[in-house]
Amino acid sequence: MPELPEVETVCRGLAPVMVGARFVRVEQRRADLRFPFPERFVERLEGRRLVTLTRRAKYLVGEVEGGERLLMHLGMSGRFTVAPDVPAPAVAAGKLGDFHHETGLGATHDHVVFHMARDATRDARGQGATTTTITYNDPRRFGFMVLIAEAEFTMHKMIAGLGVEPLSNAFDAVFLAKAAAGRTSDLKAFLLDQRVIAGLGNIYVSEALFRAGLSPHRLSGSLADRRGRPTLRAERLVIAIRDVLTDAIAAGGSTLRDYAHTDGSLGYFQHAFKVYDREGAPCPRTGCCGTIRRSVQAGRSTYACGGCQR
DNA sequence: CGCATCCCCTGCCTGC
DNA sequence: TGCAGGCAGGGGATGC
């Protein structure tokens, strides 16, 4: 699934077509994804304008006119696709069938469709507003959409416990050391904990640890000295996390299986992976003769070089 | 509190 | 060729 860079890329793809536009029609094609949809989900969106769309951790957060926030998560396989509305005659003529020409995906797992329109937009002949179709496709259905009242948003259980944004100024070595001090968990589990750093996932944790030259199996408490001050490792790790996320966003994220941009194009940061999914490959670090090894931590694959990651 | 384990679900790849 | 098993970017619930 999308980690922070992928969700950020999706957010940047959706914002231009969704922000300021109105939900003209919403299709909710099943009762639940990971969780049941909110009560009257469709009715609470239709007719309302989307005021803002931002990312928090791996969530998309939309501010809906009328005092509610639309919280969306892509799970492992969620994908948004933006396309101009298909003219009714083409559908009626059966020219499209169960297939998206933009993405090559079957429509079987299209669970939600937003039809958006801008009030002031008219086509060349002035015949009504131009609408855009935004389709949410999610084969595994680990994603979800929730509507939360504005006043309750920051206290909501999915938001309240989230840690620091790793690309914000609040994320630095002092913060990291304080959070890690005394912890006995291993470094990988620590970095995956969304209550500490919000947005890292399995790929970018492995990649950041490689860049920092740190073993994923190292004690997370070793990011702090006895007084809770940051060690040099913490300094290196902060830089590595920032850099890998920044590079990945610049590359439009990583495409492994399901992920794509909202226009159907693909991210290409997967070509820049140094360790992730590279078991058995020689370590790419200059001067290191090690080999990339796969291990399992908390039931999930970890990739690291045993030679230069200590 | 922290931590491991299992679960949710579908699709794809591997090996027999 | 078919089929079983393992694995996949997520997080939540549970039990210790």
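Lettering of chains follows the sequences in order, A, B, ..., and the numbering in each one begins at 1.
- Using the six-membered ring where Trp is involved, A/Tyr276 and A/Phe273 have ring planes that are perpendicular, over 60° apart on the 30 and 60° scheme.
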Report, as a single string ordered 5' to 3', how protein heavy atoms within less than 4.0 Å touch nucleotides 6-11 of chain B: B base, S sugar-phosphate only, - not at all.
--BBBS
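- In this structure, A/Phe144 and A/His73 have parallel ring planes: the angle between them is below the 30° cut-off, well short of the 60° mark.
- Between A/Ser301 and the phosphate of C/dA8, there is a side-chain N or O to OP1/OP2 separation shorter than 4.0 Å.
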Full working for side-chain hydrogen bond (donor to acceptor under 3.5 Å, both in side chains) between A/Gln297 and A/Thr302:
CA-CA 7 Å; A/Gln297 291 174 284; A/Thr302 302; 2.7 Å; yes
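- A/Leu192 has its CG atom 15 Å from the C1' atom of C/dA8, to the nearest Å.
- Stem analysis of DNA chain C (Watson-Crick or G-U pairs, both distances under 3.5 Å, runs of at least three) returns B:2-8 with C:10-16, B:10-16 with C:2-8.
- In terms of modelled atom types and a separation under 3.5 Å, the side chain of A/Arg242 and the main chain of A/Phe171 share a donor-acceptor contact.
- Rounding to whole angstrom units, CZ of residue A/Arg294 and P of C/dG6 are separated by 12 Å.
- Listed pair A/Arg300 / C/dG9 meets the phosphate criterion, a side-chain N or O lying under 4.0 Å from OP1 or OP2.
- With P as the reference atom, C/dT14 and B/dC9 are 16 Å apart, rounded to whole Å.
- When heavy atoms are screened at a 4.0 angstrom cut-off, A/Gly299 is found touching no nucleic acid atom at all.
- Within the 3.5 Å criterion, the main-chain N or O of A/Glu3 finds a donor-acceptor partner in the side chain of A/Glu6.
- For the side-chain hydrogen bond (donor to acceptor under 3.5 Å, both in side chains) test, no residue two or more places apart in sequence or in another chain qualifies with A/Arg48.
- Comment: A/Arg30 engages A/Asp32 in a salt bridge, judged by a side-chain N to carboxylate O separation of less than 4.0 angstrom.
- The aromatic rings of A/Phe80 and A/Phe114 sit parallel to each other, their planes meeting at less than 30°, with 60° as the upper class boundary.
- Using a 30° and 60° split on the angle between ring planes, A/Tyr136 and A/His111 fall in the tilted class, from 30° to 60°.
- We find that CZ of A/Phe190 is positioned 15 Å from C1' of B/dC3, with the value rounded to whole Å.
- Side-chain atoms of A/Glu3 lie closest to C/dG10 of the nucleotides C/dA8, C/dG10, B/dG2.
- A/Tyr204 comes within 4.0 angstrom of nothing in the nucleic acid, heavy atoms only.
- Listed pair A/Lys58 / C/dG9 fails the phosphate criterion, with no side-chain N or O lying under 4.0 Å from OP1 or OP2.
- Residue contacts for A/Phe144: at a heavy-atom cut-off of 4.0 Å it reaches no nucleic acid atom on any strand shown.
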